[in-house]
Structure formats: structure tokens, C-alpha cells
Amino acid sequence: MAITSNDLLKDLSARGLIAQTTAEAELAEHLNQKARTLYCGFDPTADSLHIGSLVPLLMLKRFQDAGHKPLALVGGATGLIGDPSFKAVERKLNGPEVVSEWVEKLRAQVSQFITFNGEANSAEVVNNYDWTKNLNVIDFLRDVGKHFSINSMIQKESVKQRINREGEGISFTEFTYMILQSYDFAELNRLYSCTLQVGGSDQWGNITGGTDLTRRQNGNQVFGLTMPLVTKADGTKFGKTETGTIWLDKNKTSQYAFYQFWLGTADADVYKFLKYFTFLSVEDIDAIEKQDKESGVKPEAQSILAAEVTKLVHGEEGLVAAKRITAALFNNELVDLSEQDFSQLQLDGLPSSTVSKNDLAGGSLTSFLVDARLAASGKQVKDALQRNSVFVNNVAKGIEDNMKLAEIFDSVNGYYSKYFLVKLGKKKHHLFVLED
RNA sequence: GGAGGGGUUCCCGAGUGGCCAAAGGGAGCAGACUGUAAAUCUGCCACGAAAGUUUCGGUGGUUCGAAUCCACCUCCCUCCA
């Protein structure tokens with residue numbers, strides 16, 4: 001990416017956050033002239049955003065910090081259709097009630113990343129359902145559809161594989177998604193003088209559709225900027241783990257699990273991620289990298305990344321909670337923990353459950369731990385037992401202990417007569433609390 | 001509406017009457033080695049502690065025996081109209 005004449009764009013470029021832009025030189029000039037309004041869309045495909053949306057969310061914040069006005073668009077309308085961009089298969093449609101419920105959740109979530117201060121560049125959250133719900137089909141086809149050429153639409157890389165791919169196709173509904181998103185841009189240009197849309201690089205086709213439509217309908221030049229897809233050096237998909245997606249909602253991914261996710265970042269990715277996911281300056285990040293390379297010991301970057309991102313998403317308190325659990329599980333002896341510490345760990349989001357004596361009677365360790373979701377099947381627990389990698393309060397259990405459930409979880413063996421910390425393998429922990 | 005091709009265990013993908021709980025790969029889990037890393041090596045990988053139980057889009061057949069054969073149904077894809 002060429003050096004531009006705009007400080008913000010220079011920084012973004014240094015961070016590797018710019019994949020593509022429309023009319024680069026003109027965009028720099030456009031942003032230099034005065035505060036502009038930009039938007040980024042988030043479709044409600046679940047009841048929470050996940051870390052895949054973090055880069056664009058932070059991007060809005062970066063623009064706001066530079067004095068521009070961010071609009072976070074929640075796709076109440078587009079979420080009902082489904083974006084086909086680079087998706088291998090047609091998606092299942094979600095019901096309207098479900099989608100509108102998700103819209104509300106995303107609205108709140110998105111709001112925490114941008115500032116609403118009542119000033120000129122105060123953020124706003126908009127919903128594209130507001131301007132599409134009363135759209136009349138005939139008007140839509142005449143006023144909007146006419147501006148789109150099927151010939152160029154099927155040339156878009158984002159849908160090409162769906163069109164060419166053997167065994168899968170694309171419905172008219174999803175094919176039309178691009179037109180709806182383009183209409184959003186034109187509409188936001190009319191309503192808010194919005195002149196820039198940002199998004200992931202998979203959105204390029206949809207974004208340029210919007211810049212074209214805005215020019216044709218409104219006669220205004222507007223811009224697009226995309227961020228690179230977050231990739232990992234080992235080629236696996238970013239944002240997924242054994243346990244699934246890393247969500248921004250702490251009820252879906254605990255602060256502790258969230259922190260742990262970032263802590264596990266590969267050396268090969270961590271400096272790039274610092275640039276993508278934090279507001280640390282590029283110089284500071286380069287300094288961290290230099291120091292890690294020279295230190296010859298375990299790098300610092302992962303814990304800095306984990307701390308910064310956890311703080312951004314879950315606040316200072318969330319970070320403290322995550323660190324508290326991490327310290328207890330990985331650094332300290334459990335014996336040092338007070339009774340209050342144990343109950344605090346529960347509150348902090350350490351996976352835990354309460355058990356009664358009845359739950360234990362006659363049960364097996366395998367099914368007990370599967371029920372607590374420490375393993376996917378009894379076979380896995382059995383495997384771990386055979387390798388002596390199941391620990392209850394730091395005591396290794398073997399396959400011969402499998403049927404001794406009630407004995408193992410007898411109150412005499414628990415910390416403070418009721419706490420049992422179970423470890424399966426190196427990283428999976430679960431706190432069981434015995435009921436009186 | 002017509003013709004053809006498909007739906008196999010988390011994914012890809014073998015399997016065309018018994019040797020099939022079903023090859024191979026990927027993912028995943030556990031162990032060793034480590035830095036709660038990477039790479040590598042080892043074991044597991046339908047469910048069940050076990051006895052045993054349930055699978056190959058669905059239903060019903062044929063057969064001593066079916067993922068494999070037959071009928072109907074259903075979903076998907078391609079081409080033609």
C-alpha cells in the first residue's frame with residue numbers, strides 16, 4: 001500500500017489494515033478536508049458478534065479518534081436475506097422475530113466500541129430495516145435494480161464460486177443481497193452524508209456496488225475501504241477453537257476463555273495481531289517484537305495482546321477476573337486459595353457447576369465429566385484416565401477410579417469441604433461445588 | 001414438465017450383499033517434548049465403565065444376512081423445456 005498524505009491512512013497502512021481502497025489519492029484528500037461520516041455494517045447472524053467483527057469495530061473507533069463520525073449499521077434487513085459473499089453454500093434463513101431480537105443485542109454490543117458524546121463526531125447506530133421495510137417491490141426494481149447489471153454482478157469474485165461450483169448454487173434471494181447493501185450506502189449518503197464504507201475484504205464487491213449506486217442515484221462520489229481477512233500463519237481459520245467460536249458476549253465466551261484465546265496466539269501471528277487488535281502504536285509494537293527476539297525466553301507479546309484485547313472488550317474488571325483465574329490455575333498452588341478465592345473464581349467465569357450427593361451415587365467419572373463438558377465423550381475421558389491426566393484437586397486419577405465417583409467427591413477430599421477443581425489434560429479446568 | 005447425477009460416521013471422501021462401526025485424509029482429544037507455543041512422535045477418535053446398544057437422507061420390502069438389491073418418498077445439483 002502506497003504512503004498517503006493522510007495520517008490516519010498512513011497508520012492504518014503501517015498496521016497492515018488496508019486491503020483495498022477505492023480512489024486512494026482522492027480518499028486521502030477527502031479525509032483531509034474535513035470530518036467525514038463513515039459506516040460499517042454488522043449483520044445479525046447470531047445473538048452476539050464474535051472476534052471476526054473486532055477489526056471492523058475497532059476501525060470505526062480509529063476513524064472516530066481521528067475526528068470522523070462513525071455509523072454502526074445493524075443489518076435488520078440484510079440479516080433476513082443472508083450474505084452469499086465467499087460462502088460455499090446457501091444459508092438457512094432465520095425467522096424475523098429471531099433476527100429482530102439479535103438486532104437489539106448487536107446494537108448494544110456495537111455501541112461499546114464507539115463513543116456517543118453528543119459532539120459532531122458522535123457515533124450513531126442505524127438499522128437498515130428502517131429504510132427497507134416499506135420498500136415496494138416495483139419501486140425497488142425500477143429505482144434500484146435498474147442500476148445493476150447482471151453481467152457485472154455474476155463477474156464478482158464473491159459469488160463466482162457459487163455460480164461455478166458443482167453441487168451448490170445460489171438463490172435469487174442471496175444473489176440480491178449485494179443490491180440491498182448497495183442501497184444502504186446510497187441511503188446513508190442521503191440521510192447522513194455518509195461518504196465512506198469500511199468492511200472486511202470479503203465485502204469489496206458489496207461496497208463497490210454501493211459506491212456505484214450512490215454515484216448513479218445521488219450523483220455523489222463515495223469511497224470504500226476494506227480490511228484484510230485475518231489469517232493465521234498455520235492456515236487454520238482465525239477465531240475458532242476446539243470449544244467453538246470466540247464471542248464478544250461474556251455469557252457465551254467467558255472473560256477468562258477470551259483472555260486464554262489471545263494468550264494462545266502463535267508467535268508467527270502475535271505482532272500482526274497486536275497491530276490489528278490494539279491501539280498500541282506501531283513503534284511500540286515493533287519495540288516489543290525486537291525485545292522478544294533478543295530475550296531468548298518466552299515472548300511477552302501474547303500476554304500484552306491478551307491483556308489489551310480483553311480490556312477493550314470486557315473492560316478493566318474483565319481483565320482482572322481473567323488474570324485471577326489464569327494465575328490460580330496455571331501459576332499457583334491451589335492450596336494457597338482461600339474460600340473466598342474459590343467463590344470469586346466462580347464469579348469470574350471459571351467453568352463450574354454444583355453437584356449434590358445424589359448426582360454422584362453410582363455414577364462414573366467418565367459420564368460425570370462429559371456432563372460437565374470437560375470432554376466430548378466418555379472415550380476421551382477414559383483415554384485421559386489411562387494416561388493419568390485427570391486431576392481432582394491436584395491428585396491424578398486412573399481408570400481404576402472410574403466408578404469411585406462418590407468417594408472421590410466426598411466432602412473430606414474437597415477444599416473447604418466442598419470445592420473440587422478438576423483438570424483434564426493441560427488446559428481444561430472445571431470447578432465442582434458440593435451442595436450441603 | 002423432461003433427462004441425468006447425488007445425499008456415508010464432525011468435514012472431505014472410499015465402500016456396490018457377509019471379512020463393516022464402515023478405508024484414507026483433515027479436524028478434534030490425550031501423552032511425550034515444551035513456553036498453557038510451533039514442529040515432531042505415540043495412542044484414542046459412533047455411544048457405553050462394562051455387558052452391550054444404535055448408524056450410512058426417510059419409510060417399507062427381498063434375504064439366514066443390506067450402507068450395498070427392490071419400491072415409494074424426500075432433499076440437493078447439472079442440463080433441457
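Side chains are part of it too, since the values below use all heavy atoms of this structure and drop only hydrogens, waters and symmetry mates. These numbers come from a predicted model, not from an experiment. Letters A, B, ... are given to chains in the order of the sequence lines, protein chains preceding strands, and every chain is numbered from 1.
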- Message: Using whole Å, what does the distance between atom C1' of nucleotide B/A37 and atom NZ of A/Lys426 come to?
- Response: 11 Å
- Between A/Trp262 (CH2) and B/G35 (P), how many Å, whole number? 25 Å
Suppose we define a pair by two distances each less than 3.5 Å, Watson-Crick or G-U wobble; what does [N] pair with here?
{"N": "B/C79", "answer": "B/G2"}
{"N": "B/A71", "answer": "B/U59"}
{"N": "B/C10", "answer": "B/G26"}
{"N": "B/A32", "answer": "B/U40"}
{"N": "B/U16", "answer": "none"}
{"N": "B/G65", "answer": "none"}

- Would a 4.5 Å heavy-atom cut-off, applied to side chains only, mark A/Lys293 and A/Lys290 as touching? no
Distance between the [atom1] atoms of [N] and [M], in whole angstroms?
{"N": "B/A27", "M": "B/U42", "atom1": "P", "result": "15 Å"}
{"N": "B/G15", "M": "B/G35", "atom1": "C1'", "result": "45 Å"}
{"N": "B/A22", "M": "B/C47", "atom1": "C1'", "result": "16 Å"}
{"N": "B/G48", "M": "B/G13", "atom1": "C1'", "result": "28 Å"}
{"N": "B/A38", "M": "B/A30", "atom1": "P", "result": "12 Å"}
{"N": "B/C41", "M": "B/U9", "atom1": "C1'", "result": "27 Å"}
{"N": "B/A67", "M": "B/A46", "atom1": "C1'", "result": "15 Å"}
{"N": "B/C44", "M": "B/A66", "atom1": "C1'", "result": "30 Å"}

- Query: Looking for any heavy atom pair under 4.0 Å, which part of the strands does A/Leu365 touch: base, sugar-phosphate only, or nothing?
  - Reply: nothing
- NA contact type, A/Gln386, heavy-atom cut-off 4.0 Å: base, sugar-phosphate, or nothing? nothing
- Does a salt bridge link A/Arg387 with A/Asp383, judged by any charged N lying under 4.0 Å from a carboxylate O? yes
- Query: Between A/Asp410 and A/Lys404, is the closest basic N to carboxylate O distance under 4.0 Å?
  - Reply: no
- Query: Under 6.0 Å between ring centres, would you say that holds for A/Phe238 and A/Phe273?
  - Reply: yes
- Task: Name the residue closer to the 5' end of RNA chain B, choosing between A/Phe391 and A/Val297 according to the nucleotide with the nearest heavy atom.
- Result: A/Phe391
- Query: Given that A/Val370 and A/Gly425 both sit by RNA chain B, which one's nearest nucleotide is further toward the 5' end?
  - Reply: A/Gly425
- Query: Can you find a donor-acceptor N/O pair under 3.5 angstrom joining the side chain of A/Asp267 to the base of B/G35?
  - Reply: yes
- Task: Check every atom of B/U36, B/G35, B/A30 against the side chain of A/Lys427 and return the nucleotide holding the closest atom.
- Result: B/U36
- Using side chain to side chain contact (heavy atoms under 4.5 Å, CB included) as the criterion, point out the one residue from A/Val198, A/Asp83, A/Thr208 that pairs with A/Gln203. A/Asp83
- So, A/Asn206 and A/Ser158: side-chain donor and acceptor under 3.5 Å apart, yes or no? no
